[in-house]
Amino acid sequence: MTVLRLKSETIPVTAGQSVLDALLAHGVAVPNSCRSGVCQSCLMRLEDPSVEIPAAAQAGLKVSLRVQGYFLACSWQPTADLAVALPGEGLDFHTTVLANEDLGAAVRRVRLAVPEGFVWRAGQFLTLLRNDGLARSYSIASRPEDGWLELHVRRIPGGAMSGWLHDVVQPGDAMTVRGPFGECFYTTGRGEDTLLLAGTGTGLAPLLGVLREALAQGHAGPIRLFHGAVSAAGLYLRDELASLCARHANVRVQPVVLHAEGACDECVVGALDEVLLSAAPSDWRTARAWLCGDPMLVARMRKRLFMAGLSNRSIFADPFVPSAPA
Ligand SMILES: Cc1cc2nc3c(=O)[nH]c(=O)nc-3n(C[C@H](O)[C@H](O)[C@H](O)COP(=O)(O)OP(=O)(O)OC[C@H]3O[C@@H](n4cnc5c(N)ncnc54)[C@H](O)[C@@H]3O)c2cc1C
Ligand code: FES
């Protein structure tokens, strides 16, 4: 029988069971959310460096974590005994809530103080850890130069973390974050490229991060941001986006809604992927795209952009994969 060793405990693993499921079944509180290798909440460390970690269990992890033996517990079904450890204090940062404000559209903007040593790029995501072990990922809309971490949190009906952030969390409260993670950020060079940014709902948060960074870096090429929602009531930060367009001639923001009823004057009614494709640049070799939010839509937009001619290397995507049932 395969076993996990965690501190002084020995925990059995049944055939096909992941490290995460084996530990949870044994009552060990390992933070987790998506259980599909996306959110990186279930990060753990292998204690024996001689054991080879399967590539799938380290997919998406930055090199510095990979070389230290970190892996995603939901993505490893071990077939031999392993000694493992929880990440501990080294990866977690303590911070406080600076502000928690209503942006409309069931979204709150939560600003956190920057913990010492937390280094990120606008558009990446972090894991928010509640004291009881609840873990969820949120994208970072702000740049380090802003001096705070800006998160946009949409209320999910019955949602454990989003409900708590909407109803309970106040400025001054203590928080723990882990990260940053992900590759959804602007990189310098190719400053004339056409940048396509598309997302639904709070998918706007990482896109705003990318947009803010691109402008701060003096990106000169066209920047097209497509913000999708079911109806106009689901759009937010419209004044802030309009003011960005007014100040930067190369930026255009296009709200896209599915329902014509109540649509704003500037809204285009239609499916986000259709509208995005209709803005195709003449030369895909000088384009880059960032796609965030609803996982099915992100997958569809990625596929359609690729089929249209955009290289996979030029597509950066963060699907907001929800938590899996316990
Ligand atoms: C990389 C990444 C980045 C993310 N960034 C953001 C962000 O910037 N802003 C943000 O608001 N969210 C973001 N999310 C989603 C976030 O992590 C949580 O999943 C979300 O806040 C819901 O958590 P909850 O605890 O409130 O709901 P839960 O208690 O986890 O869910 C309650 C129920 O609702 C279902 N559910 C959860 N989400 C959805 C959904 N979107 N649509 C339909 N059903 C759902 C669950 O499956 C469950 O049945 C991101 C996710 C990932 C993986
Ligand atoms: S990556 Fe393992 S729970 Fe999300």
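Ligands are counted one by one from 1 in listed order, and the atoms in each one are counted from 1 as well. Residues: numbered from 1 along the sequence shown.
Counting heavy atoms closer than 4.0 Å to ligand 2, residue V38 contributes backbone atoms (N, CA, C, O) but none from C-beta onward. Under 4.0 Å from ligand 2, not a single heavy atom of S75 appears.
Between the side chains of Y236 and H152, at least one donor N or O sits under 3.5 Å from an acceptor N or O. Counted by atom type alone, E9 and H26 present one or more donor-acceptor pairs between their side chains at under 3.5 Å.
Partner F181 forms a side chain to side chain contact (heavy atoms under 4.5 Å, CB included) with one of Q124, Q40, K62 and no other, that one being Q40.
Taken as a pair, C267 and C264 meet the criterion of an SG-SG distance shorter than 2.5 angstrom.
For ligand 1, the atoms lying closer than 4.0 Å to a non-hydrogen atom of T202 are 9 (N), 10 (C), 11 (O). Listed by number with element, the atoms of ligand 1 under 4.0 angstrom from any heavy atom of V321 are 53 (C). Within ligand 1, the atoms closer than 4.0 Å to a non-hydrogen atom of F125 are 1 (C), numbered from 1 in the order shown. Against a heavy-atom cut-off of under 4.0 Å, A160 is close to the following atoms of ligand 1: 24 (P), 25 (O), 26 (O), 27 (O), 28 (P), 29 (O). Each of the atoms 11 (O) of ligand 1 lies under 4.0 Å from some heavy atom of V153.
Distance check on atom 49 (O) of ligand 1: every protein heavy atom falls at or beyond the 4.0 Å cut-off. Distance remark: protein heavy atom not present below 4.0 angstrom from atom 44 (N) of ligand 1.
Using a non-hydrogen distance threshold of 4.0 Å, P319 registers as a contact of ligand 1.
Summary of contacts: the protein heavy atom closest to atom 1 (S) of ligand 2 is Q40 N, 3.2 Å. Protein heavy atom nearest atom 3 (S) of ligand 2, with residue, atom name and distance: R35 N, 3.1 Å.
Here C39 fails the criterion, with no N, O or S atom under 2.8 Å of atom 2 (Fe) of ligand 2. At a cut-off of 2.8 Å, C74 coordinates atom 2 (Fe) of ligand 2 through an N, O or S atom.
Looking at P206 next to ligand 1, no N or O pair under 3.5 Å apart turns up.
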